[in-house]
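Structure record follows, encoded as C-alpha coordinates.
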Amino acid sequence: MRKPLIAVLMTSAFVSMTCSLQAQAADLIQVYQQALANDAQYASARAALSAGMERVPQGLAGLLPQISASGSNTRGNQEQIVQNNGGNKITSPSVNVRTNSYNLTLAQPLFRWDRWETYQQSKLAQAIAEAQFAQVQQDLITRVAQAYFDVLSAQDNLGATQAQKVATTEQLASAKRNFEVGTQTITDTHEAQAAYDLVVAQEFAAINDLANKRSALQTIIGEAPTTLAPMRTGVVISAPEPAAIEPWVSSAEEQNYGVVTAQFNVESAKRDIGRNRAGHYPTLDLIANAGHTYSSGGGNGNGNNNNAIGVQWSVPIFSGFAVTSKVRESIALENKARNDLETARRAASQGARQAFLGVNSGLAQVKALEAAEVSSKSALESNQLGYQVGVRINIDVLNAQKQLFSTQKDLSKARYDTIMNGLRLKAAAGTLKETDLMPVNALLDK
(Lines give C-alpha, C1' and ligand atoms only; values in the text may rest on other atoms or scores of the structure.)
Protein backbone atom coordinates (compact mmCIF):
# COMPACT_ATOMS: atom_id res chain seq x y z
CA MET A 1 0.00 0.00 0.00
CA ARG A 2 2.76 2.43 0.96
CA LYS A 3 5.48 0.83 -1.08
CA PRO A 4 6.49 3.96 -3.11
CA LEU A 5 7.07 6.03 0.03
CA ILE A 6 9.04 3.21 1.64
CA ALA A 7 11.19 2.96 -1.50
CA VAL A 8 11.81 6.71 -1.36
CA LEU A 9 12.86 6.59 2.28
CA MET A 10 15.08 3.56 1.69
CA THR A 11 16.76 5.26 -1.28
CA SER A 12 17.40 8.42 0.73
CA ALA A 13 18.77 6.38 3.60
CA PHE A 14 21.02 4.47 1.23
CA VAL A 15 22.42 7.71 -0.21
CA SER A 16 23.09 9.04 3.30
CA MET A 17 24.74 5.79 4.41
CA THR A 18 26.91 5.71 1.30
CA CYS A 19 28.16 9.23 1.93
CA SER A 20 28.77 8.67 5.62
CA LEU A 21 30.65 5.44 5.01
CA GLN A 22 33.10 7.08 2.65
CA ALA A 23 36.21 7.09 4.83
CA GLN A 24 38.03 9.28 2.31
CA ALA A 25 35.29 11.93 2.07
CA ALA A 26 36.82 15.41 2.08
CA ASP A 27 35.26 18.15 4.16
CA LEU A 28 35.24 21.88 3.47
CA ILE A 29 38.47 22.60 5.35
CA GLN A 30 40.36 19.91 3.45
CA VAL A 31 39.09 21.21 0.13
CA TYR A 32 40.10 24.74 1.14
CA GLN A 33 43.61 23.54 1.96
CA GLN A 34 43.80 21.98 -1.51
CA ALA A 35 42.73 25.29 -3.02
CA LEU A 36 45.42 27.16 -1.09
CA ALA A 37 48.04 24.89 -2.61
CA ASN A 38 46.70 24.66 -6.16
CA ASP A 39 44.39 27.55 -7.07
CA ALA A 40 45.94 29.55 -9.92
CA GLN A 41 44.23 32.83 -9.00
CA TYR A 42 45.52 32.63 -5.45
CA ALA A 43 49.03 31.78 -6.65
CA SER A 44 48.93 34.76 -9.00
CA ALA A 45 47.85 37.06 -6.17
CA ARG A 46 50.61 35.71 -3.95
CA ALA A 47 53.17 36.52 -6.64
CA ALA A 48 51.65 39.98 -7.06
CA LEU A 49 52.01 40.54 -3.31
CA SER A 50 55.68 39.54 -3.45
CA ALA A 51 56.18 42.02 -6.28
CA GLY A 52 54.32 44.75 -4.37
CA MET A 53 56.54 44.27 -1.33
CA GLU A 54 59.50 45.41 -3.44
CA ARG A 55 58.02 48.84 -4.08
CA VAL A 56 59.28 50.32 -0.79
CA PRO A 57 62.96 49.37 -1.32
CA GLN A 58 62.70 50.81 -4.83
CA GLY A 59 61.20 54.05 -3.58
CA LEU A 60 63.77 54.35 -0.81
CA ALA A 61 66.61 53.85 -3.28
CA GLY A 62 65.99 57.32 -4.74
CA LEU A 63 66.82 58.90 -1.37
CA LEU A 64 69.97 56.89 -0.68
CA PRO A 65 73.52 57.63 -1.93
CA GLN A 66 74.31 56.65 -5.49
CA ILE A 67 77.91 55.45 -5.90
CA SER A 68 79.49 54.74 -9.25
CA ALA A 69 82.96 53.87 -10.47
CA SER A 70 84.38 54.35 -13.93
CA GLY A 71 87.76 53.97 -15.55
CA SER A 72 89.65 53.61 -18.79
CA ASN A 73 92.85 52.12 -20.11
CA THR A 74 94.05 53.46 -23.46
CA ARG A 75 97.10 52.96 -25.62
CA GLY A 76 98.22 55.16 -28.51
CA ASN A 77 101.08 56.66 -30.51
CA GLN A 78 102.23 60.18 -29.99
CA GLU A 79 104.38 62.15 -32.42
CA GLN A 80 105.68 65.65 -31.77
CA ILE A 81 105.85 68.04 -34.70
CA VAL A 82 108.08 71.15 -34.36
CA GLN A 83 109.03 73.89 -36.79
CA ASN A 84 112.67 75.08 -37.06
CA ASN A 85 113.86 78.57 -37.87
CA GLY A 86 113.81 77.84 -41.55
CA GLY A 87 110.13 77.05 -41.44
CA ASN A 88 110.58 73.32 -41.93
CA LYS A 89 108.50 70.89 -39.88
CA ILE A 90 110.39 68.25 -38.01
CA THR A 91 108.56 65.17 -36.69
CA SER A 92 109.95 63.44 -33.67
CA PRO A 93 109.99 59.65 -33.51
CA SER A 94 106.65 58.01 -32.51
CA VAL A 95 106.28 57.28 -28.82
CA ASN A 96 103.90 54.70 -27.33
CA VAL A 97 101.65 56.35 -24.73
CA ARG A 98 99.54 54.52 -22.16
CA THR A 99 96.93 56.21 -20.05
CA ASN A 100 95.16 54.65 -17.06
CA SER A 101 92.43 56.46 -15.18
CA TYR A 102 89.66 55.70 -12.71
CA ASN A 103 87.03 57.79 -11.04
CA LEU A 104 84.79 57.15 -7.99
CA THR A 105 81.71 59.33 -7.58
CA LEU A 106 79.19 59.58 -4.75
CA ALA A 107 75.95 61.54 -5.08
CA GLN A 108 73.68 62.01 -2.06
CA PRO A 109 70.35 63.74 -2.69
CA LEU A 110 69.82 66.58 -0.23
CA PHE A 111 66.60 68.03 -1.63
CA ARG A 112 64.62 66.18 -4.26
CA TRP A 113 60.95 66.51 -3.47
CA ASP A 114 59.82 64.27 -6.32
CA ARG A 115 61.84 61.39 -4.93
CA TRP A 116 60.39 61.91 -1.45
CA GLU A 117 56.85 61.75 -2.85
CA THR A 118 57.81 58.66 -4.83
CA TYR A 119 59.03 57.02 -1.63
CA GLN A 120 55.72 57.82 0.13
CA GLN A 121 53.84 56.45 -2.86
CA SER A 122 55.85 53.23 -2.65
CA LYS A 123 54.56 52.68 0.90
CA LEU A 124 51.01 53.14 -0.36
CA ALA A 125 51.68 50.77 -3.27
CA GLN A 126 52.80 48.09 -0.82
CA ALA A 127 49.69 48.67 1.30
CA ILE A 128 47.53 48.38 -1.82
CA ALA A 129 49.21 45.08 -2.71
CA GLU A 130 48.52 43.76 0.79
CA ALA A 131 44.86 44.85 0.68
CA GLN A 132 44.39 43.29 -2.76
CA PHE A 133 45.90 40.03 -1.54
CA ALA A 134 43.60 40.04 1.48
CA GLN A 135 40.68 40.52 -0.91
CA VAL A 136 41.83 37.54 -2.97
CA GLN A 137 42.05 35.46 0.22
CA GLN A 138 38.45 36.31 1.02
CA ASP A 139 37.41 35.58 -2.55
CA LEU A 140 39.10 32.18 -2.34
CA ILE A 141 37.11 31.32 0.80
CA THR A 142 33.80 32.21 -0.83
CA ARG A 143 34.73 30.59 -4.16
CA VAL A 144 35.69 27.32 -2.48
CA ALA A 145 32.59 27.29 -0.29
CA GLN A 146 30.33 28.11 -3.24
CA ALA A 147 31.87 25.42 -5.43
CA TYR A 148 31.70 22.91 -2.55
CA PHE A 149 28.01 23.56 -1.87
CA ASP A 150 27.23 23.64 -5.59
CA VAL A 151 28.49 20.06 -5.76
CA LEU A 152 26.46 19.07 -2.69
CA SER A 153 23.37 20.75 -4.14
CA ALA A 154 23.84 18.92 -7.44
CA GLN A 155 24.28 15.64 -5.54
CA ASP A 156 21.11 16.30 -3.55
CA ASN A 157 19.26 17.14 -6.74
CA LEU A 158 20.44 13.95 -8.41
CA GLY A 159 19.63 11.86 -5.35
CA ALA A 160 16.12 13.30 -5.10
CA THR A 161 15.56 12.82 -8.83
CA GLN A 162 16.67 9.20 -8.68
CA ALA A 163 14.45 8.57 -5.66
CA GLN A 164 11.57 10.14 -7.55
CA LYS A 165 12.38 7.89 -10.49
CA VAL A 166 12.13 4.82 -8.25
CA ALA A 167 8.81 5.96 -6.84
CA THR A 168 7.44 6.85 -10.28
CA THR A 169 8.57 3.49 -11.66
CA GLU A 170 6.61 1.66 -8.97
CA GLN A 171 3.60 3.91 -9.54
CA LEU A 172 3.76 3.13 -13.27
CA ALA A 173 3.93 -0.60 -12.56
CA SER A 174 0.94 -0.31 -10.23
CA ALA A 175 -1.07 1.56 -12.84
CA LYS A 176 -0.31 -1.10 -15.45
CA ARG A 177 -1.36 -3.91 -13.11
CA ASN A 178 -4.61 -2.17 -12.21
CA PHE A 179 -5.37 -1.55 -15.87
CA GLU A 180 -4.79 -5.20 -16.70
CA VAL A 181 -7.24 -6.33 -14.05
CA GLY A 182 -9.72 -3.66 -15.12
CA THR A 183 -9.80 -1.57 -11.96
CA GLN A 184 -8.34 1.54 -13.64
CA THR A 185 -8.41 3.20 -17.02
CA ILE A 186 -5.59 3.55 -19.52
CA THR A 187 -5.41 7.24 -18.59
CA ASP A 188 -3.73 6.37 -15.29
CA THR A 189 -1.09 4.37 -17.14
CA HIS A 190 -0.43 7.20 -19.58
CA GLU A 191 -0.11 9.72 -16.76
CA ALA A 192 2.36 7.50 -14.90
CA GLN A 193 4.31 6.89 -18.12
CA ALA A 194 4.52 10.64 -18.79
CA ALA A 195 5.73 11.26 -15.25
CA TYR A 196 8.34 8.52 -15.61
CA ASP A 197 9.63 9.88 -18.93
CA LEU A 198 9.92 13.35 -17.44
CA VAL A 199 11.88 12.19 -14.40
CA VAL A 200 14.24 10.21 -16.65
CA ALA A 201 14.99 13.39 -18.59
CA GLN A 202 15.50 15.24 -15.32
CA GLU A 203 17.90 12.55 -14.17
CA PHE A 204 20.09 13.03 -17.25
CA ALA A 205 20.10 16.79 -16.67
CA ALA A 206 21.00 16.28 -12.99
CA ILE A 207 23.89 13.96 -13.89
CA ASN A 208 25.26 16.53 -16.33
CA ASP A 209 24.85 19.34 -13.80
CA LEU A 210 26.74 17.36 -11.16
CA ALA A 211 29.59 16.73 -13.61
CA ASN A 212 29.78 20.46 -14.36
CA LYS A 213 29.80 21.40 -10.68
CA ARG A 214 32.56 18.92 -9.92
CA SER A 215 34.54 20.29 -12.85
CA ALA A 216 34.17 23.82 -11.48
CA LEU A 217 35.51 22.66 -8.11
CA GLN A 218 38.37 20.86 -9.85
CA THR A 219 39.35 24.15 -11.51
CA ILE A 220 39.93 25.63 -8.06
CA ILE A 221 41.64 22.75 -6.26
CA GLY A 222 43.64 21.56 -9.26
CA GLU A 223 42.54 17.92 -9.18
CA ALA A 224 39.40 15.85 -9.44
CA PRO A 225 37.51 16.16 -6.15
CA THR A 226 36.97 13.08 -4.06
CA THR A 227 33.70 12.28 -2.33
CA LEU A 228 32.59 15.36 -0.38
CA ALA A 229 31.17 15.25 3.13
CA PRO A 230 27.44 16.05 2.91
CA MET A 231 25.39 18.32 5.12
CA ARG A 232 24.07 16.72 8.28
CA THR A 233 20.32 16.30 8.48
CA GLY A 234 18.42 18.74 10.62
CA VAL A 235 21.27 21.26 10.95
CA VAL A 236 20.58 24.59 12.61
CA ILE A 237 22.09 27.61 10.86
CA SER A 238 23.04 30.47 13.14
CA ALA A 239 21.72 33.99 12.59
CA PRO A 240 24.26 36.78 11.96
CA GLU A 241 25.80 38.49 14.98
CA PRO A 242 25.14 41.35 15.54
CA ALA A 243 21.53 40.94 14.53
CA ALA A 244 21.14 44.56 13.32
CA ILE A 245 22.09 45.57 9.79
CA GLU A 246 23.68 48.95 10.63
CA PRO A 247 26.93 47.61 12.16
CA TRP A 248 27.49 45.40 9.13
CA VAL A 249 26.95 48.29 6.71
CA SER A 250 29.21 50.57 8.74
CA SER A 251 31.95 47.95 8.78
CA ALA A 252 31.60 47.40 5.04
CA GLU A 253 31.97 51.11 4.31
CA GLU A 254 35.23 51.31 6.26
CA GLN A 255 36.83 47.84 6.36
CA ASN A 256 35.84 46.25 3.07
CA TYR A 257 39.09 45.55 1.23
CA GLY A 258 37.78 47.13 -1.94
CA VAL A 259 37.15 50.31 0.06
CA VAL A 260 40.55 50.10 1.75
CA THR A 261 42.27 49.75 -1.63
CA ALA A 262 40.35 52.74 -2.97
CA GLN A 263 41.37 54.81 0.08
CA PHE A 264 45.04 54.03 -0.55
CA ASN A 265 44.57 54.96 -4.21
CA VAL A 266 43.26 58.39 -3.16
CA GLU A 267 46.29 58.96 -0.93
CA SER A 268 48.60 57.86 -3.74
CA ALA A 269 46.88 60.26 -6.13
CA LYS A 270 47.53 63.11 -3.68
CA ARG A 271 51.19 62.17 -3.55
CA ASP A 272 51.28 62.10 -7.33
CA ILE A 273 50.19 65.74 -7.43
CA GLY A 274 53.08 66.69 -5.15
CA ARG A 275 55.51 64.62 -7.19
CA ASN A 276 54.54 66.38 -10.42
CA ARG A 277 54.62 69.82 -8.81
CA ALA A 278 58.19 69.09 -7.77
CA GLY A 279 59.08 69.63 -11.43
CA HIS A 280 59.09 73.37 -10.55
CA TYR A 281 61.29 72.91 -7.48
CA PRO A 282 65.09 73.18 -7.34
CA THR A 283 67.21 70.13 -6.61
CA LEU A 284 70.27 69.90 -4.39
CA ASP A 285 72.80 67.04 -4.23
CA LEU A 286 75.98 66.38 -2.32
CA ILE A 287 78.70 65.33 -4.75
CA ALA A 288 82.01 63.69 -3.78
CA ASN A 289 84.56 62.58 -6.33
CA ALA A 290 87.91 60.80 -6.19
CA GLY A 291 89.94 60.19 -9.34
CA HIS A 292 93.40 59.24 -10.50
CA THR A 293 95.06 59.50 -13.91
CA TYR A 294 98.44 58.12 -14.94
CA SER A 295 100.16 58.45 -18.31
CA SER A 296 103.43 56.89 -19.45
CA GLY A 297 105.39 57.08 -22.66
CA GLY A 298 108.93 57.44 -23.95
CA GLY A 299 110.37 56.26 -20.72
CA ASN A 300 108.63 58.96 -18.74
CA GLY A 301 105.47 58.84 -16.67
CA ASN A 302 103.31 61.25 -14.77
CA GLY A 303 100.07 61.04 -12.82
CA ASN A 304 97.70 63.15 -10.82
CA ASN A 305 94.94 62.68 -8.24
CA ASN A 306 91.67 64.58 -8.36
CA ASN A 307 89.59 64.68 -5.15
CA ALA A 308 86.62 66.99 -4.68
CA ILE A 309 83.49 67.40 -2.57
CA GLY A 310 80.71 69.91 -2.79
CA VAL A 311 77.08 70.52 -3.63
CA GLN A 312 75.37 70.58 -6.96
CA TRP A 313 72.13 72.42 -7.52
CA SER A 314 69.73 72.89 -10.39
CA VAL A 315 66.79 75.25 -10.85
CA PRO A 316 64.21 74.47 -13.57
CA ILE A 317 63.14 77.58 -15.44
CA PHE A 318 60.94 76.49 -18.34
CA SER A 319 59.93 73.04 -19.52
CA GLY A 320 57.42 73.85 -22.24
CA PHE A 321 54.42 73.73 -19.83
CA ALA A 322 54.95 69.97 -19.39
CA VAL A 323 55.03 70.20 -15.59
CA THR A 324 51.86 72.29 -15.47
CA SER A 325 50.08 69.78 -17.71
CA LYS A 326 51.17 66.85 -15.55
CA VAL A 327 49.88 68.62 -12.43
CA ARG A 328 46.48 69.17 -14.04
CA GLU A 329 46.43 65.51 -15.08
CA SER A 330 47.24 64.30 -11.57
CA ILE A 331 44.54 66.55 -10.07
CA ALA A 332 42.00 65.02 -12.44
CA LEU A 333 43.18 61.54 -11.49
CA GLU A 334 42.78 62.40 -7.81
CA ASN A 335 39.14 63.37 -8.47
CA LYS A 336 38.71 60.06 -10.27
CA ALA A 337 40.19 58.19 -7.30
CA ARG A 338 37.81 59.96 -4.92
CA ASN A 339 34.81 58.98 -7.02
CA ASP A 340 36.12 55.42 -7.25
CA LEU A 341 36.29 55.40 -3.45
CA GLU A 342 32.67 56.50 -3.19
CA THR A 343 31.68 53.82 -5.70
CA ALA A 344 33.53 51.18 -3.68
CA ARG A 345 31.81 52.28 -0.48
CA ARG A 346 28.37 52.14 -2.04
CA ALA A 347 29.07 48.72 -3.57
CA ALA A 348 30.33 47.40 -0.21
CA SER A 349 27.29 48.81 1.56
CA GLN A 350 24.94 47.26 -0.97
CA GLY A 351 26.73 43.92 -0.76
CA ALA A 352 26.45 43.91 3.02
CA ARG A 353 22.74 44.77 2.90
CA GLN A 354 21.97 42.12 0.32
CA ALA A 355 23.90 39.44 2.20
CA PHE A 356 22.31 40.38 5.54
CA LEU A 357 18.81 40.28 4.09
CA GLY A 358 19.71 37.06 2.28
CA VAL A 359 20.72 35.38 5.54
CA ASN A 360 17.57 36.41 7.38
CA SER A 361 15.22 35.59 4.53
CA GLY A 362 17.09 32.31 4.02
CA LEU A 363 16.61 31.33 7.66
CA ALA A 364 12.88 32.01 7.35
CA GLN A 365 12.74 30.11 4.08
CA VAL A 366 14.53 27.11 5.58
CA LYS A 367 12.08 27.03 8.48
CA ALA A 368 9.12 27.23 6.13
CA LEU A 369 10.47 24.53 3.82
CA GLU A 370 11.15 22.23 6.76
CA ALA A 371 7.48 22.53 7.68
CA ALA A 372 6.52 22.06 4.03
CA GLU A 373 8.60 18.88 3.86
CA VAL A 374 6.70 17.38 6.78
CA SER A 375 3.39 18.39 5.19
CA SER A 376 4.44 17.00 1.80
CA LYS A 377 5.31 13.64 3.34
CA SER A 378 1.93 13.49 5.06
CA ALA A 379 0.17 14.50 1.83
CA LEU A 380 1.97 11.77 -0.09
CA GLU A 381 1.04 9.12 2.44
CA SER A 382 -2.58 10.27 2.38
CA ASN A 383 -2.75 10.21 -1.41
CA GLN A 384 -1.18 6.77 -1.53
CA LEU A 385 -3.74 5.48 0.92
CA GLY A 386 -6.56 7.18 -0.96
CA TYR A 387 -5.32 5.71 -4.22
CA GLN A 388 -5.34 2.25 -2.69
CA VAL A 389 -8.94 2.53 -1.49
CA GLY A 390 -10.12 4.23 -4.69
CA VAL A 391 -10.81 7.78 -3.53
CA ARG A 392 -7.67 9.20 -5.20
CA ILE A 393 -6.47 8.81 -8.76
CA ASN A 394 -3.00 8.07 -9.99
CA ILE A 395 -2.19 11.68 -10.93
CA ASP A 396 -2.81 12.75 -7.32
CA VAL A 397 -0.11 10.39 -6.11
CA LEU A 398 2.29 11.50 -8.83
CA ASN A 399 1.74 15.16 -7.99
CA ALA A 400 2.26 14.48 -4.29
CA GLN A 401 5.52 12.68 -5.05
CA LYS A 402 6.67 15.53 -7.26
CA GLN A 403 5.79 18.07 -4.57
CA LEU A 404 7.74 16.20 -1.90
CA PHE A 405 10.92 15.88 -3.94
CA SER A 406 10.69 19.46 -5.15
CA THR A 407 10.37 20.64 -1.55
CA GLN A 408 13.37 18.58 -0.48
CA LYS A 409 15.51 20.04 -3.27
CA ASP A 410 14.38 23.57 -2.42
CA LEU A 411 15.15 23.00 1.25
CA SER A 412 18.64 21.75 0.47
CA LYS A 413 19.37 24.72 -1.77
CA ALA A 414 17.97 27.19 0.76
CA ARG A 415 20.35 25.89 3.42
CA TYR A 416 23.37 26.22 1.16
CA ASP A 417 22.33 29.71 0.01
CA THR A 418 21.85 30.86 3.59
CA ILE A 419 25.29 29.63 4.61
CA MET A 420 26.87 31.32 1.59
CA ASN A 421 25.11 34.61 2.33
CA GLY A 422 26.55 34.45 5.84
CA LEU A 423 30.06 34.13 4.40
CA ARG A 424 29.41 36.90 1.88
CA LEU A 425 28.15 39.15 4.67
CA LYS A 426 31.45 38.80 6.52
CA ALA A 427 33.38 39.29 3.29
CA ALA A 428 31.48 42.50 2.54
CA ALA A 429 32.23 43.72 6.06
CA GLY A 430 35.93 42.91 5.59
CA THR A 431 36.00 40.45 8.49
CA LEU A 432 35.94 37.07 6.71
CA LYS A 433 38.80 34.84 7.85
CA GLU A 434 39.79 31.21 7.36
CA THR A 435 38.54 30.45 10.87
CA ASP A 436 35.02 31.35 9.74
CA LEU A 437 34.98 28.08 7.79
CA MET A 438 35.22 26.06 11.01
CA PRO A 439 31.57 26.53 12.14
CA VAL A 440 30.42 25.86 8.58
CA ASN A 441 32.54 22.71 8.45
CA ALA A 442 30.95 21.58 11.72
CA LEU A 443 27.60 21.35 9.88
CA LEU A 444 28.95 18.60 7.63
CA ASP A 445 28.54 14.88 8.25
CA LYS A 446 32.25 13.97 8.39
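One side chain, Tyr416 or Asp156, offers a donor N or O that lies under 3.5 Å from an acceptor on the other. Between the side chains of Thr105 and Asn103, at least one donor N or O lies within less than 3.5 Å of an accepting N or O.
With contacts defined as side-chain heavy-atom distances shorter than 4.5 Å, the pair Glu254/Val259 does not qualify. Phe111 is not listed as a side-chain neighbour of Trp313, based on a closest heavy-atom distance of 4.5 Å or more. The side-chain heavy atoms of Leu286 and Ile309, taken from C-beta on, include a pair separated by under 4.5 Å. Asp272 places none of its side-chain heavy atoms less than 4.5 Å from the side chain of Glu334. In this structure the side chain of Leu369 never reaches within 4.5 angstrom of the side chain of Glu373, judged on heavy atoms. Looking only at side-chain heavy atoms (C-beta outward), Glu434 and Leu36 come within less than 4.5 Å of each other. At a threshold of 4.5 Å between non-hydrogen side-chain atoms, the residues Gln401 and Leu380 count as touching. Put simply, the side chain of Ile221 does not reach to within 4.5 Å of the side chain of Gln30, judged on heavy atoms.
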Self-check item: Lys270 vs Glu267, salt bridge (Lys or Arg N to Asp or Glu O under 4.0 Å): CA-CA, chis, key distance, verdict
Solution: CA-CA 5 Å; Lys270 290 180 181 178; Glu267 294 300 321; 3.6 Å; yes
Practice problem: Could you go through the side-chain contact (heavy atoms from CB on, under 4.5 Å) check for Ser330 and Lys326 one step at a time? | Solution: CA-CA 6 Å; Ser330 57; Lys326 289 180 179 179; 6.0 Å; no
Exercise. Report the C-alpha distance between Thr407 and Gln403 in whole Å, list the side-chain angles of each, state the deciding distance to 0.1 Å, and finish with yes or no for side chain to side chain donor-acceptor pair (under 3.5 Å).
Key: CA-CA 6 Å; Thr407 301; Gln403 179 63 39; 3.2 Å; yes
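A donor-acceptor pair under 3.5 Å is absent between the side-chain atoms of Arg271 and the main chain of Gln120, judged by distance alone. Judged by distance alone, with hydrogens and angles left aside, the side-chain atoms of Ser153 form no donor-acceptor pair with the main-chain N or O of Phe149 at under 3.5 Å. The main-chain N or O of Asn73 is never found under 3.5 Å from a side-chain atom of Asn100 such that the two would form a donor-acceptor pair. Judged by distance alone, with hydrogens and angles left aside, the side-chain atoms of Asn441 form a donor-acceptor pair with the main-chain N or O of Leu28 at under 3.5 Å. The main-chain N or O of Lys165 is found under 3.5 Å from a side-chain atom of Thr169 such that the two form a donor-acceptor pair. A donor-acceptor contact shorter than 3.5 Å links the side chain of Ser375 to the backbone of Ala371. Counting only distance, with no hydrogens or angles, the side chain of Gln255 and the backbone of Glu253 share no donor-acceptor pair below 3.5 Å. Checked by atom type and distance alone, the side chain of Thr418 pairs as donor or acceptor with a backbone atom of Ala414 at under 3.5 Å. Listed for the Trp248 side chain is no donor-acceptor partner under 3.5 Å among the backbone atoms of Ala243. A donor-acceptor distance shorter than 3.5 angstrom exists from the side chain of Ser361 to the backbone of Leu357, with no hydrogens or angles considered.
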Residues 131-144, side-chain donor-acceptor partners within the protein, below 3.5 Å, at least two apart:
unit_1, atom_1, unit_2, atom_2, d
Gln135, OE1, Gly258, N, 3.4
Gln135, NE2, Asp139, OD1, 3.1
Gln138, NE2, Leu432, O, 3.4
Thr142, OG1, Gln138, O, 3.3
Thr142, OG1, Asp139, O, 2.9
Arg143, NH2, Asp39, OD2, 2.6

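Contact detail for Thr168 and Ala195: the closest heavy-atom pair is CG2-C, 3.7 Å. When all heavy atoms are compared, the tightest approach of Gly291 to Asn307 is N-OD1, 3.9 Å. In plain terms, the two heavy atoms of Pro109 and Asp285 that are nearest each other are CA-OD1, 3.3 Å. Listed here is the closest heavy atom pair of Gly430 and Tyr257: O-CE1, 4.0 Å.
For Lys413, the NZ atom sits in a loose shell: 12 or fewer heavy atoms of surrounding residues, nucleotides or ligands are nearer than 6.0 Å. Dense packing is recorded around CZ of Phe318, with more than 12 heavy atoms of other residues, nucleotides or ligands lying under 6.0 Å away. Atom NZ of Lys367 has 12 or fewer neighbouring heavy atoms from other residues, nucleotides or ligands inside a 6.0 Å radius. Surrounding CZ of Arg232 are more than 12 heavy atoms belonging to other residues, nucleotides or ligands, all under 6.0 Å away.
Taken to the nearest 0.5 Å, the CG atom of Leu60 stands 8.5 Å off from the NZ atom of Lys123. One distance of note links CD of Gln58 with OG of Ser122; it measures 8.5 Å at 0.5 Å rounding. Once rounded to the nearest 0.5 Å, the distance linking CG of Asn208 with CG of Leu158 reads 11.0 Å. Atom CG of Leu198 sits about 4.0 Å away from atom CD of Gln202, to the nearest 0.5 Å. Rounded to the nearest 0.5 angstrom, Arg275 CZ and Thr118 OG1 are separated by 5.0 Å.
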